Each structure stands twice: as C-alpha cells, then as structure tokens.
Amino acid sequence: MVRLSSYRDFDWVLLGFVSVLSIISVLEIKSATLHTKFHGFEQKQIGFLAAGLLLMFVISAIDYHRLLDIVPWAYGISIFSLIAVKVAGQKVLGARRWINLGGGVHFQPSEWVKLVLIVAVARYFWNLSGKELTWPDIGKAAALVCVPMALVLTQPDLGTALTYSPILMAGLFLGGIRLRQMVVIVFALTLVGGVAWKSGKRLKPYQQARINAFINPDSDPKGSGYQIRQSLIAVGSGGIWGKGANKGTQTQGDFLPIPYTDFIFAAFCEEHGFVGAMGVLLLYFLILMRLIQNAQTAADLAGTYIIMGVVAVIVFQIAVNIGMVVGLMPVTGIPLPLMSYGGSSILFTFLALGIVMNVRMRRFVN
C-alpha cells in the first residue's frame, strides 16, 4: 500500500494555537526578566522556538513507520547517553544532567528520551494488538520505561523521571489493561511508596524537604516553603484582571523564584489575573483536543498510540506545573510546555508535535 501525504493535511489549526501560546511565552519571559540579570532570555526563547518549528517540519516529513522501525536502535542510544551523563556529565548544583558539547551548548539526554519512549511504547503495544495483556506483557512494558527512569533518577532528576510514567500509563490503558491488574499495580506502588517514604532511603534530603513544604508550607517559610508561598502570593495578587505587564510586585521585585521557567504561570497570573490564566488554560485545552482528534483519525493503532503518548506527557506536565504553582503539587522542576524558558523542553515539545503532524499527514491510505 502507498501512503500519501501532503502539507495540505498538516494541522495548521493546531500550529496556530501553538504559535499563539509561544508568542505569549516570549512576551511573559521578557516581562518576568525585565529587571533581572536574565533580561534578554526572550531572544534565546525565540531562537529555540524557531529551531523547534524547523525540526517539527523536518520530522513530519519522515514516515512515522520508519521511526517505529529504528526505535530499538534509538532506545539503545538513549540508554548509552544516560550512562554517559552519569560518567562524564557536567555537574551543576549537585546534579549531573547535561553533557557539555562546547561553545556554551549543553545537551540534556533525559528530555530526548521521552520522545524515544513514546515511539518505543507505541511500537510495543502495537505489536500486542488484539492480544489480552498478561502480567509478563505488563512487566516488559514497565521495564522498557523503568530502566531509563532509574538512570535519570540517579542524576538525580526526579521531575524528568516522573514525566516518563504517563507514557507507560497511556500505553497500558490503550493496550487494554484490565481493572483487576490496575488495582494490583496501584496497591503495589502505594505500598512501595509508603515504605520508601517511611524509611527515607529513596529520596534525597531536598526532595523530602519539598514534600514537607507541600504538606505544610509554613513549617519553613524562608527555606523549603519559600517558593510555594511566593507563588501563591503572586497568583492571588493578580486578582481578576491582573496588575499589567511589568507591574507585578512579586515578579518584578524578585520575590518569585525563577519566574521565567518553573513559575512562569505564577508570573503570568500576577500580571494578567484570572482572566489571563483562563485564556492560557483554554489554549492548552484546544491544543489537547486537536491532538486527541488527530489520534482518532490515525491510519493505524501505532499512530494512535504515538499521539496519545504525546498527549499523556503534555497533560502530565501541565497538571504538575500548574498544580505546583497553586500549591496542589510539590515543587518538582517540571516545565510548563511551550511557556517555560528552555531549549530542551521547547525542542522536545515541537519534535513531539512534529510526530503528531506526521501521523496526521499519513492518515489516508490507498
């Protein structure tokens, strides 16, 4: 069969929504860094967005079935790169997460592994199509995701490692996991998590401090609870309409920590209020609805699995980041897709969207 594709089938509506959110990101980064040493980062963000847009068109031109064919090799390279980070990675603030490529360029393999895992999990469950999931099938899928997750945890990078879990959950759900199996898994994870928390051996001291701060921010208001308290003040002070661009006291007064990355939504809420926040959330909703629509019209299950893997990661990152900003989640350092400053996050998101476009463009089969 010949698969026909054309840029007439490109999802220009989705790209339009993404572009609007990207413009908001650049403007907010400019505003949030106006009186800080990070002023000018919006120019770098524009560069990241331009590179991401180019990569999106490039990857959309490659038949995603070829990506499915080469993903075992890509998975092996990903594992090797994560080991290389552990051995020769650059240590910053006590963590090895980057490989210094020279010239001020740093490569963070853990971000790119998400893309590989989305395709690898899609291929795995596509090969199981029509078969009832057994415990060995679930175990193999878990190992596929948990091996790179464990390597990322040793860096340590809990936030990025957590973003791998929705890929597995989406695969299991679409692959037909039974309710009884889900209950057993949830019970086992809860038991293991409880034991690990009780023993205190599986979390770093700063990770435990973040969870303690989430449970009771007032226990250490100038230490581990500082970020959450300042974020809540910024969100609340925005009111209905916000204080206006460049006028947020928490943001401009340098009280809100890293307002251009992890807490960019808090900075946006302070400056644009409840109405602005709802506008951003509406854009995310429209983007996700377009993604799900494309998953429904995919030519085969592999395409559906790939797109829903992308949806799972984006939903998880949005929920955790915004939940963190409003005090419903612990601080984890997970960026807000298409809003937070950062090359690795932006490029991953555009590559993931490029694969979605790829599937959409090949939805007609003759």
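Predicted model, so just to flag it, every value in this text is computed and none were measured.
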[X] to [Y] - nearest heavy-atom pair and separation:
X	Y	answer
I355	L115	CD1-CD1, 3.8 Å
L14	M357	CD2-CE, 3.8 Å
V325	A266	CG1-CB, 3.6 Å
A295	M308	CB-SD, 3.7 Å
Q317	P335	NE2-O, 3.6 Å

Inset, instruction - Quick one: do L151 and V113 satisfy side-chain contact (heavy atoms from CB on, under 4.5 Å)? Show the steps, please. - result: CA-CA 11 Å; L151 289 171; V113 171; over 6 Å; no
[X] (side chain) donor-acceptor with [Y] (main chain) under 3.5 angstrom:
X	Y	answer
Q181	R178	yes
Y260	E42	no
S31	L27	no
T261	S340	no
R363	R360	yes
K86	T154	yes
Y64	A302	no
D262	N321	no

Taking [atom1] in [X] as the centre, count heavy atoms belonging to other residues, nucleotides or ligands within less than 6.0 Å. Is the count above 12?
X	atom1	answer
F57	CZ	yes
M289	CE	yes
W73	CH2	no
W12	CH2	yes

Find the distance between [atom1] ([X]) and [atom2] ([Y]) and round it off to the nearest 0.5 Å.
X	Y	atom1	atom2	answer
C146	L168	SG	CG	6.5 Å
I346	L55	CD1	CG	12.0 Å
L347	W112	CG	CH2	4.5 Å
S231	F265	OG	CZ	9.5 Å
F10	L15	CZ	CG	5.5 Å
L353	L291	CG	CG	6.5 Å

Inset, instruction - Could you pull out all residues at least two apart from K243 that satisfy salt bridge (Lys or Arg N to Asp or Glu O under 4.0 Å)? - result: E270
Inset, instruction - Walk me through it: do R362 and N358 pass the test side-chain hydrogen bond (donor to acceptor under 3.5 Å, both in side chains)? - result: CA-CA 7 Å; R362 289 159 182 83; N358 192 322; 2.9 Å; yes
Inset, instruction - Carefully, step by step, assess Y341 and F48 under the rule ring pair (Phe, Tyr, Trp, His ring centres under 6.0 Å). - result: CA-CA 9 Å; Y341 169 84; F48 295 145; 5.7 Å; yes
Legend entry - Identified side chain to side chain contact (heavy atoms under 4.5 Å, CB included) counterpart of P109 within the set P148, S78, S81: S81
Legend entry - Residues Y124, Y305; criterion side-chain contact (heavy atoms from CB on, under 4.5 Å); working and verdict: CA-CA 10 Å; Y124 178 78; Y305 288 153; over 6 Å; no
Inset, instruction - Begin with the C-alpha distance, continue with both residues' side-chain angles, and end with the deciding distance and a verdict on side-chain contact (heavy atoms from CB on, under 4.5 Å) for L162 and V320. - result: CA-CA 10 Å; L162 288 175; V320 172; over 6 Å; no
Legend entry - Test log, rule side-chain contact (heavy atoms from CB on, under 4.5 Å), inputs Q45 and K30: CA-CA 10 Å; Q45 185 78 342; K30 180 179 181 179; over 6 Å; no
